[in-house]
**Student:** 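What follows is a structure written as structure tokens; I'll ask about it next.
Start at 1 and go down the list; that is how both ligands and their atoms are numbered.
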Amino acid sequence: MEKQIAVIRGDGIGPEIVEQALRVMDAAAKKYGHTFRYVDVDMGGIAIDHFGEPLPAAELEKCLASDSVLLGAVGGPKWDSMPGDKRPEKGLLALRSGMGLYSNNRPAKLWPQLADASPLKPEIVAKGIDFIVVRELIGGVYFGEHRTEEADGEQKATDVMSYSEHEIERIGRIAFETAGKRRKKVTSIDKANVLDTSRLWRKVMHRLAEEYSGIEYSDMLVDNAAMQIAKDPSQFDVIVTENMFGDILSDEASMITGSIGMIPSSSLGEGSRGLYEPIHGSAPDIAGQDKANPIGTILSAAMMLKYSFDMDEEAAAIEAAVNRVLDEGLRTADMMAEGCRLVGCSEMGDAILKYL
Ligand code: IPM
Ligand code: MG
């Protein structure tokens with residue numbers, strides 16, 4: 001197969017982790033007889049520096065003209081004082097919505113080799129952690145009106161959160177379909193005791209739960225969910241939730257698996273073109289020092305092969321290579337443990353290539 005992939009290296013550690021992912025993709029292409037063509041796209045802080053805005057229309061066009069998009073990370077202190085619509089993060093949000101990617105899928109799965117790195121007690125970890133957070137990605141408070149005004153001699157800020165039925169239904173269907181291919185359990189997370197958006201969310205989810213009668217369904221309030229993820233994560237299979245709750249809970253979910261540096265994600269809409277990125281940020285404190293963990297990005301590339309290109313075998317080969325390297329005891333600083341060998345970003349890439 002021949003595929004064109006838009007590559008957004010981004011800011012901070014973005015360029016170095018993406019570099020390793022591209023090496024791995026090239027090795028997979030060579031091994032399985034594919035051709036991947038890469039088109040560089042500027043988004044985030046680097047785009048602000050080059051063009052004065054975080055996602056110029058021409059850069060979004062390049063993504064829409066490609067078969068899929070790989071992203072490192074964006075943002076950093078350099079752009080922190082920019083106004084809201086000129087921040088790097090705004091580019092990411094514009095990319096998600098410009099590509100219509102309403103479904104963000106973030107697996108939280110424990111690699112047994114990293115069990116010691118989990119901050120949870122061993123007896124909780126031993127029950128197993130293997131769930132996926134299906135996060136609504138282009139609605140809710142992230143995309144409502146944002147306003148700061150003068151009112152009665154002080155500043156007043158407002159962020160509007162809204163959801164329509166069709167936005168809830170389409171993400172709900174992704175969750176139920178995903179659960180159908182897994183352990184057949186959906187937990188929908190909301191704040192229906194307070195928010196109207198959550199009450200509507202729950203109503204739509206209940207309608208779907210009746211339709212997908214083979215799936216075990218339950219509701220959970222978001223505050224309780226934050227507690228349950230720490231107390232007994234083995235109870236979850238597929239979590240479905242709105243944009244901001246999903247942002248918060250997916251960081252918690254990743255941390256209990258040992259390192260946020262290991263977790264890939266896919267964002268999909270209608271059709272097979274997706275955006276694949278690690279869920280961690282741009283880590284400006286270690287940028288350019290060859291210390292970052294490239295595995296989240298490498299596994300994101302594997303997800304792209306699997307979900308956008310139907311290259312199941314290729315994706316499995318990359319995952320198996322990562323597994324071998326962890327078995328060997330190689331660790332980047334974020335997941336370093338006693339008895340393991342500390343390696344940098346590029347050496348981690350070398351090791352994964354060796355097993356591929
Ligand atoms: C994420 C990030 C983004 C989000 C930020 C960078 C805007 O935290 O992908 O989880 O909140 O969605
Ligand atoms: Mg986040």
**Student:** Just the distances, no angles: every ligand 1 N or O to protein N or O pair closer than 3.5 Å, one line each.
**Tutor:**
{"from": "ligand 1", "atom 1": "8 (O)", "to": "Asp247", "atom 2": "OD1", "distance (Å)": "3.2"}
{"from": "ligand 1", "atom 1": "9 (O)", "to": "Arg96", "atom 2": "NH2", "distance (Å)": "2.7"}
{"from": "ligand 1", "atom 1": "9 (O)", "to": "Arg106", "atom 2": "NH2", "distance (Å)": "2.8"}
{"from": "ligand 1", "atom 1": "10 (O)", "to": "Arg106", "atom 2": "NH1", "distance (Å)": "3.1"}
{"from": "ligand 1", "atom 1": "10 (O)", "to": "Arg106", "atom 2": "NH2", "distance (Å)": "3.1"}
{"from": "ligand 1", "atom 1": "10 (O)", "to": "Arg135", "atom 2": "NH1", "distance (Å)": "3.3"}
{"from": "ligand 1", "atom 1": "10 (O)", "to": "Asp247", "atom 2": "OD1", "distance (Å)": "2.9"}
{"from": "ligand 1", "atom 1": "11 (O)", "to": "Tyr142", "atom 2": "OH", "distance (Å)": "2.5"}
{"from": "ligand 1", "atom 1": "11 (O)", "to": "Asp247", "atom 2": "OD1", "distance (Å)": "3.4"}
{"from": "ligand 1", "atom 1": "12 (O)", "to": "Arg96", "atom 2": "NH1", "distance (Å)": "2.8"}
{"from": "ligand 1", "atom 1": "12 (O)", "to": "Arg135", "atom 2": "NH1", "distance (Å)": "3.3"}
{"from": "ligand 1", "atom 1": "12 (O)", "to": "Arg135", "atom 2": "NH2", "distance (Å)": "2.8"}

**Student:** Is Ser103 close to Arg170 at the side-chain level, that is, under 4.5 Å between some pair of heavy atoms?
**Tutor:**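 Answer no - side chains too far apart.
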
**Student:** Testing the basics here: between Leu356 and Val24, what is the closest heavy-atom pair and its distance to 0.1 Å?
**Tutor:**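 Looking at all heavy atoms of both residues, the closest pair is CD2-O, 3.6 Å.
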
**Student:** Please check if any side-chain donor atom of Gln4 sits under 3.5 Å from a side-chain acceptor atom of Ser66, or the reverse.
**Tutor:** yes

**Student:** Restricting to under 2.8 Å, identify the protein N, O or S atoms around the Mg ion (ligand 2) as residue plus atom.
**Tutor:** Asp247 OD1

**Student:** Could you tell me whether a side-chain N or O of Arg331 sits under 3.5 Å from a main-chain N or O of Ala337, the two making a donor and an acceptor?
**Tutor:** no

**Student:** With a 4.5 Å heavy-atom cut-off, do Val240 and Met205 have their side chains touching?
**Tutor:** yes

**Student:** Rounded to the nearest 0.5 Å, what separates atom CE in Met244 from atom CD1 in Ile248?
**Tutor:** 5.5 Å

**Student:** Under 6.0 Å from the six-membered ring centre of Tyr142 and within 45° of its axis: does the NZ or CZ of Arg135 meet both?
**Tutor:**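 That pair qualifies as a cation-pi contact.
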
**Student:** Would the His206 and Tyr217 ring centres measure less than 6.0 Å apart?
**Tutor:** yes

**Student:** Using 4.0 Å as the upper bound for N to carboxylate O, is an ion pair formed by Asp11 and Lys78?
**Tutor:** no

